Every structure is written in C-alpha cells, then in structure tokens.
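Treat the numbers as computed from the prediction; the structure is a model and nothing was measured. Residue numbers run from 1 in the order of the sequence given.
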Amino acid sequence: MSLDVRDVLAPGAPDKTRLLLARDVAFHSPVADYSGRDDVGHLFSKIGQCLTGIEPLREFTDSAQEQPKGPHSVTAFTARVGEESVYGTFVQQVDEQGQLVEATLLIRPLGTLTTAVHQMRDALIADPLPSRR
C-alpha cells in the first residue's frame, strides 16, 4: 500500500496531512532531514504550495516481507515550480496502519530545485516549523 503523493503534499493542509503521518515520521528533503508529525506535516503543506500540478507518472512497490516497517513505494511524477517543469520521485514507506513512516523527495533539474529551495526558505521564515517557534 502507498499514499497518493498528491494527498501527502497537499497545499496548505497541514491538519489533513498530519493524519497520514506516523508520530515519528522521518522526511529526507533535498536540503535536510526532518522528523516528527508536526514538523513533517508543516513541511509537506509548504512543499505542496511550492510544487503545483503534481501528476504521478508511475509507481514501483517492493514486497512488505522485505521491510520490517512495511513496503517501500517510489512514485515518479511531474510538477511545476512557478512556470518551470520539474521531474521528481517520492519514496515512501507506509506502516501496517497506512501511515507514512519515512519519505524522501528528489527533484530535478538543479536550477528549478534551487528555485524551490529558495521558495521553501522564504515560506519557512514566514511560517516556521512548529519545533522552531
């Protein structure tokens, strides 16, 4: 089982997104690693405002027996950062309750990723992570 990347990276919906996350969820962004439902939910809502028009292309999932916390899924997708197109992958691991326990986000090309990183920096200055308030 996997979660729809469009639901996880829901723009401006941290309360809805939090319901999809395990308490000790780990998130590996292109810039840093984060943990905890509050911070990761907040980040995902900001990422959803930065990455618009997410369209999944394909998904790959391994067997649950291979992983102690549940299967990994990789979703390849396209999206936009402003007027620029990006290609991304969202790697996720979901537990038996259907909650996200670990996720990694990768985006290319580098120039557009840099634009997204600057947008995220500005968004987090204006509305910091809950752990940093």
Side-chain angles (χ1 to χ4, degrees):
M1 176 165 87
S2 66
L3 301 172
D4 189 318
V5 67
R6 294 168 292 194
D7 291 335
V8 176
L9 300 179
D15 292 334
K16 177 184 173 189
T17 303
R18 282 183 86 252
L19 299 174
L20 304 173
L21 307 178
R23 179 185 311 258
D24 59 348
V25 62
F27 173 56
H28 312 288
S29 82
V31 175
D33 294 332
Y34 302 90
S35 63
R37 183 182 288 155
D38 292 338
D39 281 358
V40 174
H42 185 77
L43 281 165
F44 284 173
S45 72
K46 298 299 179 192
I47 292 169
Q49 293 172 354
C50 179
L51 283 180
T52 60
I54 296 172
E55 289 297 327
L57 300 172
R58 62 188 57 88
E59 184 174 293
F60 308 92
T61 303
D62 65 13
S63 170
Q65 292 85 8
E66 297 174 16
Q67 303 297 329
K69 293 183 182 178
H72 281 93
S73 296
V74 178
T75 303
F77 66 90
T78 59
R80 301 192 71 70
V81 174
E83 297 300 315
E84 300 295 321
S85 295
V86 296
Y87 177 82
T89 56
F90 187 73
V91 182
Q92 61 177 293
Q93 187 173 24
V94 178
D95 65 16
E96 293 173 350
Q97 291 74 39
Q99 291 186 311
L100 187 67
V101 294
E102 186 170 12
T104 302
L105 178 64
L106 305 168
I107 298 173
R108 65 171 306 277
L110 179 60
T112 308
L113 170 61
T114 302
T115 300
V117 167
H118 289 137
Q119 288 179 7
M120 286 296 297
R121 179 199 61 210
D122 294 344
L124 292 172
I125 289 170
D127 188 10
L129 292 172
S131 66
R132 298 190 181 158
R133 292 182 189 155

Student: When you group the ILVMFWY residues by side-chain heavy-atom contacts below 4.5 Å and let the links chain together, are V101 and V91 in the same group?
Tutor: no
Student: Side-chain contact, heavy-atom cut-off 4.5 Å: P11 with T52?
Tutor: no
Student: V25: what forms a side-chain contact (heavy atoms from CB on, under 4.5 Å) with it, not counting sequence neighbours?
Tutor: L21, V40, L100
Student: To the nearest 0.5 Å, what is the distance between CG (L106) and OG1 (T89)?
Tutor: 4.0 Å
Student: Measure across P128 and H42 and return the closest heavy-atom pair with its distance rounded to 0.1 Å.
Tutor: O-NE2, 3.3 Å
Student: Going only through I, L, V, M, F, W and Y residues with side-chain contacts under 4.5 Å, is there a path from V74 to L3?
Tutor: no
Student: Using the salt bridge (Lys or Arg N to Asp or Glu O under 4.0 Å) rule, collect all pairs that involve residues 75-89, keeping only residues at least two apart or in two chains.
Tutor: none
Student: When rounded to the nearest 0.5 angstrom, what distance separates CD in Q97 from CG in L20?
Tutor: 13.5 Å
Student: I need the S2 OG to F90 CZ distance, nearest 0.5 Å.
Tutor: 10.0 Å
Student: Using the side-chain contact (heavy atoms from CB on, under 4.5 Å) criterion, which residues pair with I107? Sequence neighbours excluded.
Tutor: L51, V86, L105, L113
Student: If you link I, L, V, M, F, W and Y whenever their side-chain heavy atoms are under 4.5 Å apart, who else ends up in the same group as Y87?
Tutor: L57
Student: So how far is it from S45 OG to L9 CG, rounded to the nearest 0.5 Å?
Tutor: 10.0 Å
Student: Side-chain heavy atoms nearer than 4.5 Å, only ILVMFWY residues, links allowed to pass through others: does that put M120 and L110 together?
Tutor: yes
Student: Distance from T17 atom OG1 to R37 atom CZ, nearest 0.5 Å?
Tutor: 12.0 Å
Student: Name each donor-acceptor pair under 3.5 Å that joins a side chain in residues 26-35 to protein atoms two or more places apart or in another chain, with its distance.
Tutor:
residue	atom	partner	partner atom	Å
H28	ND1	D33	OD1	2.8
H28	NE2	E102	OE2	2.7
S29	OG	V31	N	3.0
S29	OG	A32	N	2.9
S29	OG	A32	O	2.9

Student: What is the distance from atom CG of L43 to atom CG of L129, rounded to the nearest 0.5 Å?
Tutor: 5.0 Å
Student: Looking just at side-chain N and O atoms, do E55 and T78 make a donor-acceptor pair shorter than 3.5 Å?
Tutor: no
Student: Can a donor-acceptor pair be found, under 3.5 Å and without considering hydrogens, that links the side chain of H72 to the backbone of T61?
Tutor: no
Student: Enumerate the residue pairs fulfilling side-chain hydrogen bond (donor to acceptor under 3.5 Å, both in side chains) with a member in residues 116-132, sequence neighbours excluded, ordered by first and then second residue.
Tutor: D39-S131, K46-D127, D127-R133
Student: With sequence neighbours excluded, tell me which residues meet salt bridge (Lys or Arg N to Asp or Glu O under 4.0 Å) with R18.
Tutor: D38
